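Keep in mind it's a predicted model, so treat the numbers as computed, not measured.
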Amino acid sequence: MASISFKNVTKMYEGAKTAVVPNLNLEIADKEFIILVGPSGCGKSTTLRMIAGLETITSGELYIGDRLVNNIPPKDRDIAMVFQNYALYPHMTVYNNIAFGLQLRKVDKAEIDRRVHEAAKILDLDHLLQRKPKQLSGGQRQRVALGRAMVRDPAVFLLDEPLSNLDAKLRTSMRSEITRLHRRLDTTFVYVTHDQTEAMTMGDRIVVMKDGIIQQYDTPQVLYDTPDNLFVAGFIGSPQMNFLDAQIEEKGGKLYAVVEGEGTSRILIPDAKVNALKPYVGKTVILGVRPEHFMADEKLTADNGLRVKVDFRELLGAEYNLYVFSGENKVIVKMPSTEKLPEGEEITIAVNTPLMHFFDKETEKAIVH
């Protein structure tokens, strides 16, 4: 049983005026793959280190399974941690790096050999066991670090930005390797990253943190479709959601989001969103539109157009990111690469109105999706 439970956990460093992590309540189920994500300094690594026992808890209770672990040393918590810098011994072979923790625990040599070779086979390291770390690529070194954690057969794997030192191609392949490893080992993984692409592609659930506080905790799809607030909406998704001030206007029994930018754009609000937005008639709210939720020209109507001025485009192969302006607001639009739009030209782009998001301008909380 490797569930993890934070109950009113606070972490404050000596001499600090505010807590790094204030009053954290979080439940991680047995065998889940949980991602802690957020900007630098949001408290995600501190949270991971509290699970590991590398940071003491100022107040509150932390359970691993049914056991209170506040005062239990790291070596007795049945966890294994993988760091971003691999932390391999340069003078040891791959075999000995993987085996070292078991050797310290005086595990039987035959058992060590069995576990090392089993881990090496899973991680495709069989042919590298007699090499030293300097003879390995970054991806191979990270697999060795994973193997060292695996052979301990821990109840919980803790991974602290393990892919941040790898190049883009290796990060992509290692993401899938770690996901497959979780499925094969069938144990609890807690993974820290600032990269929301890693979070979206790997986690069963994602914990989005800001200033030590959980902003939202749910599946990747729920975070993408229904972010609780402006911060989550802007953090989840690549490129991030576009935000525009819009006044809610009622005309002829219908509601419109009126955006002042390159002229005035009146966007009809779908019936499903009307009731939630009626209290905001005459007020300014924040309209959120994801770059991928603009549509091709043939879908443009009188009621779904946003007037913008083209700045430049960023080619990505089959598609490109089109950077445009609506007044002073920069907007990013995903477009197929077949579309040719000259820079500096004013155009009207179609908004997929059922997928619009609206946020309260003062509280920054979601009104309706």
Side-chain angles (χ1 to χ4, degrees), residues 4-28 32-63 69-70 81 83-84 158-164 189-200 202-243 245 285-286 288 290 357-367 369:
I4 300 169
S5 179
F6 286 84
K7 297 184 184 298
N8 302 313
V9 169
T10 295
K11 173 62 184 179
M12 181 177 285
Y13 291 108
E14 190 175 344
K17 293 182 179 179
T18 58
V20 180
V21 177
N23 198 40
L24 178 67
N25 287 282
L26 175 63
E27 299 290 334
I28 299 171
E32 266 197 305
F33 195 137
I34 294 300
I35 307 282
L36 304 178
V37 70
S40 297
C42 73
K44 57 188 184 295
S45 288
T46 301
T47 300
L48 192 81
R49 289 170 65 83
M50 285 192 286
I51 299 172
L54 301 176
E55 295 282 1
T56 56
I57 292 170
T58 306
S59 63
E61 296 178 334
L62 172 61
Y63 291 85
V69 297
N70 288 41
M81 195 159 181
F83 300 91
Q84 68 184 71
L158 305 176
L159 301 99
D160 191 4
E161 302 204 35
L163 308 185
S164 60
F189 275 47
V190 184
Y191 186 108
V192 161
T193 183
H194 63 273
D195 184 332
Q196 62 88 31
T197 302
E198 285 181 22
M200 290 292 287
M202 297 173 73
D204 296 325
R205 288 193 290 169
I206 301 173
V207 182
V208 182
M209 299 183 73
K210 178 188 178 189
D211 300 329
I213 298 169
I214 294 175
Q215 302 296 303
Q216 193 169 354
Y217 179 27
D218 219 312
T219 64
Q221 197 65 54
V222 169
L223 294 182
Y224 177 84
D225 291 336
T226 56
D228 280 351
N229 57 42
L230 209 61
F231 178 80
V232 177
F235 198 84
I236 297 296
S238 181
Q240 74 165 50
M241 187 183 290
N242 300 294
F243 299 116
D245 282 354
V285 299
I286 297 173
R290 293 200 181 276
H357 303 257
F358 291 90
F359 302 88
D360 187 290
K361 194 168 174 62
E362 292 183 7
T363 66
E364 296 190 350
K365 292 184 177 179
I367 301 168
H369 301 292

Stepwise side-chain contact (heavy atoms from CB on, under 4.5 Å) test for Phe359 and Glu364: CA-CA 6 Å; Phe359 302 88; Glu364 296 190 350; 5.9 Å; no
Can you see which heavy atom on Gly203 is nearest to which on Pro220, and at what distance? O-CG, 3.5 Å
Any idea which heavy atoms bring Val20 and Gly43 closest together, and the distance?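 So the two residues come closest at CG1-CA, 4.4 Å.
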Which residues pass the ring-ring contact (aromatic ring centres under 6.0 Å, His included) test with Phe6, sequence neighbours left out?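 So Phe6 forms no ring-ring contact (aromatic ring centres under 6.0 Å, His included) with any residue.
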Take Tyr191 and Leu163 through the test side-chain contact (heavy atoms from CB on, under 4.5 Å) and record every step on the way to the result. CA-CA 11 Å; Tyr191 186 108; Leu163 308 185; 3.3 Å; yes
State the [atom1]-[atom2] distance between [X] and [Y], to the nearest 0.5 angstrom.
X      : Y      : atom1 : atom2 : value
Ile206 : Leu223 : CD1   : CG    : 5.0 Å
Ile4   : Leu48  : CD1   : CG    : 8.5 Å
His194 : Cys42  : NE2   : SG    : 11.0 Å
Tyr13  : Thr18  : OH    : OG1   : 12.0 Å
Ser164 : Phe83  : OG    : CZ    : 12.5 Å
Arg49  : Leu54  : CZ    : CG    : 5.0 Å

Less than 4.5 Å apart, any side-chain heavy atom of [X] and any of [Y]?
X      : Y      : result
Met202 : Thr193 : no
Asn23  : Val9   : no
Lys7   : Leu62  : no
Phe243 : Leu230 : yes
Phe189 : Leu159 : yes
Val69  : Glu61  : no
Met200 : Tyr224 : yes
Thr10  : Val21  : no

Val207 and Leu26: CA distance, side-chain angles, deciding distance, side-chain contact (heavy atoms from CB on, under 4.5 Å) verdict: CA-CA 9 Å; Val207 182; Leu26 175 63; 3.9 Å; yes
Flag for [Y]-[X]: side-chain donor and acceptor within less than 3.5 Å:
X      : Y      : result
Asp228 : Gln215 : no
Glu55  : Thr46  : no
Ser45  : Asp160 : yes

Distance-only check: which donor-acceptor pairs under 3.5 Å involve side-chain atoms of residues 32-41, not counting sequence neighbours?
{"residue": "Glu32", "atom": "OE1", "partner": "Ala29", "partner atom": "N", "Å": "2.9"}
{"residue": "Glu32", "atom": "OE1", "partner": "Arg205", "partner atom": "NH2", "Å": "2.8"}
{"residue": "Glu32", "atom": "OE2", "partner": "Arg205", "partner atom": "NE", "Å": "2.7"}
{"residue": "Glu32", "atom": "OE2", "partner": "Arg205", "partner atom": "NH2", "Å": "3.3"}

Using a 3.5 Å distance criterion without hydrogens, assess whether the side chain of [X] forms a donor-acceptor pair with backbone atoms of [Y].
X      : Y      : answer
Glu27  : Ser5   : no
Arg290 : Asp225 : no
Lys11  : Thr56  : yes
Asn25  : Asn8   : yes
Glu198 : Glu161 : no
Thr58  : Met12  : yes
Asp360 : Glu362 : yes
His369 : Pro227 : yes
Asn70  : Tyr63  : no

Across all chains, not counting sequence neighbours, the side-chain hydrogen bond (donor to acceptor under 3.5 Å, both in side chains) partners of Gln196 are none
